[in-house]
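Right, one structure below, let's go through it.
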Amino acid sequence: MKLFISIVCILASINLILTQTNPAIISWTKATGTGYNSIIANVFRIQYSSSYSYISCHSIPSYSIGPWSNPNTPSAQNFTFKLPLNPTVQSGTKTVAPLGHIGIWSNGVSVYNADDGQTYNNLGIWNRNAYFWEGSSFDSCKGHADGSSEYHNHVNPICMYTSSSTSHSSLIGFAFDGYPIY
């Protein structure tokens with residue numbers, strides 16, 4: 001019985017070590033101050049279980065954002081996103097990415113899909129490309145606020161990294177299915 005308990009404890013310890021080094025737990029830019037409009041910036045809480053990480057943020061980065069040519073102004077959002085620690089490929093029919101949130105950058109800013117909210121004759125088909133139709137309202141980091149005052153990016157958030165042709169791309173976020181975004 002002691003041997004069984006020892007083996008269970010060893011396996012639990014190994015699982016804890018592996019879980020604590022999972023990128024979906026350790027790859028976040030943690031809040032160290034405020035960003036736009038004195039809102040707590042980046043990720044302010046990281047919790048996890050054996051299967052998920054829970055990331056709490058306001059969708060405000062620590063780098064300077066704005067100005068925008070649209071009338072929307074970012075405000076603090078109280079999000080807690082749930083990400084699987086061990087993503088699996090979806091079998092069967094693939095899911096079409098919805099409008100709005102599809103992931104989260106490592107600094108807690110929301111990742112939206114590439115479409116804007118406008119569709120052909122408001123039929124929900126043939127969505128417009130946000131970069132083309134809304135790009136003039138993006139700030140220098142390629143982000144803007146939507147009608148609910150949520151700051152987000154539809155495209156590559158260029159303020160999060162410096163590009164290099166000599167090194168691997170940095171991990172800059174996660175899709176909601178748990179897969180990393182580089």
Side-chain angles (χ1 to χ4, degrees), residues 19-49 51-85 87 97-118 127-163 169-182:
T19 301
Q20 289 178 335
T21 59
N22 187 307
I25 295 172
I26 63 169
S27 297
W28 303 100
T29 305
K30 296 174 187 75
T32 58
T34 59
Y36 179 80
N37 225 11
S38 299
I39 299 168
I40 294 173
N42 301 327
V43 173
F44 62 84
R45 185 176 324 127
I46 304 163
Q47 299 171 304
Y48 59 93
S49 67
S51 300
Y52 296 96
S53 62
Y54 301 88
I55 309 304
S56 298
C57 57
H58 291 304
S59 199
I60 298 292
S62 58
Y63 50 75
S64 180
I65 59 175
W68 304 274
S69 64
N70 70 4
N72 304 322
T73 303
S75 66
Q77 310 294 307
N78 286 313
F79 292 131
T80 298
F81 296 114
K82 177 181 172 182
L83 301 169
L85 294 177
L99 287 176
H101 299 113
I102 61 167
I104 180 174
W105 300 124
S106 60
N107 64 355
V109 171
S110 296
V111 178
Y112 274 30
N113 81 8
D115 297 331
D116 74 2
Q118 303 297 314
N127 286 82
R128 298 186 321 180
N129 179 282
Y131 184 75
F132 181 81
W133 291 98
E134 297 178 353
S136 64
S137 71
F138 294 171
D139 61 20
S140 62
C141 296
K142 305 291 186 221
H144 67 168
D146 62 14
S148 64
S149 299
E150 179 182 352
Y151 183 78
H152 62 277
N153 296 95
H154 292 275
V155 297
N156 194 354
I158 61 174
C159 290
M160 288 189 56
Y161 60 89
T162 55
S163 58
S169 300
S170 302
L171 188 146
I172 58 172
F174 290 88
F176 284 150
D177 59 9
Y179 284 100
I181 301 170
Y182 291 91

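The structure displayed is predicted, hence computed values, not measured ones.
Nearest heavy-atom pair across Phe174 and Pro180 is CD2-CA, 3.7 Å. When all heavy atoms are compared, the tightest approach of Met160 to Ile172 is CE-O, 3.4 Å. When all heavy atoms are compared, the tightest approach of Ser148 to Gln77 is O-NE2, 3.6 Å. Nearest heavy atom pair, residue Tyr48 against residue Tyr54, reads CA-CD1, 4.2 Å. The heavy-atom pair separating Cys57 from Gly108 by the smallest distance is SG-O, 3.2 Å. Nearest heavy atoms, Gly178 versus Pro87: O-CG, 3.6 Å.
By the side-chain hydrogen bond (donor to acceptor under 3.5 Å, both in side chains) test, Asp177 pairs with no residue at all, sequence neighbours left out.
When ring centroids are compared, Tyr112 and His101 come within the 6.0 Å threshold.
Counting only heavy atoms from C-beta outward, the side chains of Leu83 and Phe176 approach each other to under 4.5 Å. Side-chain contact between Val109 and Ser59: present, with at least one pair of heavy atoms (C-beta onward) separated by less than 4.5 Å. Considering only heavy atoms from C-beta on, Pro74 comes within 4.5 Å of Ile60 through its side chain.
By the neighbour-count criterion of 12 heavy atoms within 6.0 Å, atom CH2 of Trp68 is densely surrounded, having more than that number from other residues, nucleotides or ligands. Dense packing is recorded around CZ of Phe44, with more than 12 heavy atoms of other residues, nucleotides or ligands lying under 6.0 Å away.
Note that the CD1 atom of Ile55 and the OG1 atom of Thr80 stand 9.0 Å from one another [nearest 0.5 Å]. In this structure, CG in Asn42 is found 14.5 Å from CH2 in Trp105, a value given to the nearest 0.5 Å. Between the CD1 atom in Ile25 and the CD1 atom in Ile46 there is a gap of 9.0 Å [rounded to 0.5 Å]. To the nearest 0.5 Å, the span separating OG on Ser140 from OH on Tyr63 amounts to 9.0 Å.
In this structure, the side chain of Asn127 engages the main chain of Asp116 through a donor-acceptor pair within 3.5 Å. The backbone N or O of Thr73 sits less than 3.5 Å from a side-chain atom of Ser149, completing a donor-acceptor pair. Checking side-chain atoms of His152 against main-chain N and O of His144 turns up a donor-acceptor pair under 3.5 Å. For Ser49 (side chain) and Ser51 (main-chain N/O), a donor-acceptor pair under 3.5 Å exists by modelled atom type. The closest donor-acceptor contact from the side chain of Asn153 to the backbone of Cys141 lies under 3.5 Å. Looking only at distances, a side-chain donor or acceptor of His154 sits under 3.5 Å from a matching main-chain atom of Asn113.
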>> Quick one, Phe79 with Ile104, criterion side chain to side chain contact (heavy atoms under 4.5 Å, CB included). Give me CA distance, side-chain angles, the key distance, then yes/no.
In response: CA-CA 11 Å; Phe79 292 131; Ile104 180 174; over 6 Å; no

> Under the side chain to side chain contact (heavy atoms under 4.5 Å, CB included) criterion, do Ser169 and Tyr161 qualify, and how do the steps go?
Replying inline: CA-CA 9 Å; Ser169 300; Tyr161 60 89; over 6 Å; no

>> Could you walk me through whether Asn78 and His58 satisfy the side chain to side chain contact (heavy atoms under 4.5 Å, CB included) test, starting with their C-alpha distance in whole Å, then the side-chain angles of each, then the deciding distance to 0.1 Å, before giving a yes or no?
In response: CA-CA 5 Å; Asn78 286 313; His58 291 304; 2.9 Å; yes

Check residues 26-40 and write down every donor-acceptor pair under 3.5 Å in which the side-chain atom is one partner and the other belongs to a residue at least two apart or another chain.
{"residue": "Ser27", "atom": "OG", "partner": "Pro23", "partner atom": "O", "Å": "3.0"}
{"residue": "Trp28", "atom": "NE1", "partner": "Ala24", "partner atom": "O", "Å": "2.8"}

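For the side chain to side chain donor-acceptor pair (under 3.5 Å) criterion with Tyr151, the lone passing option out of Asp146, Asp139, Asn72 is Asp139.
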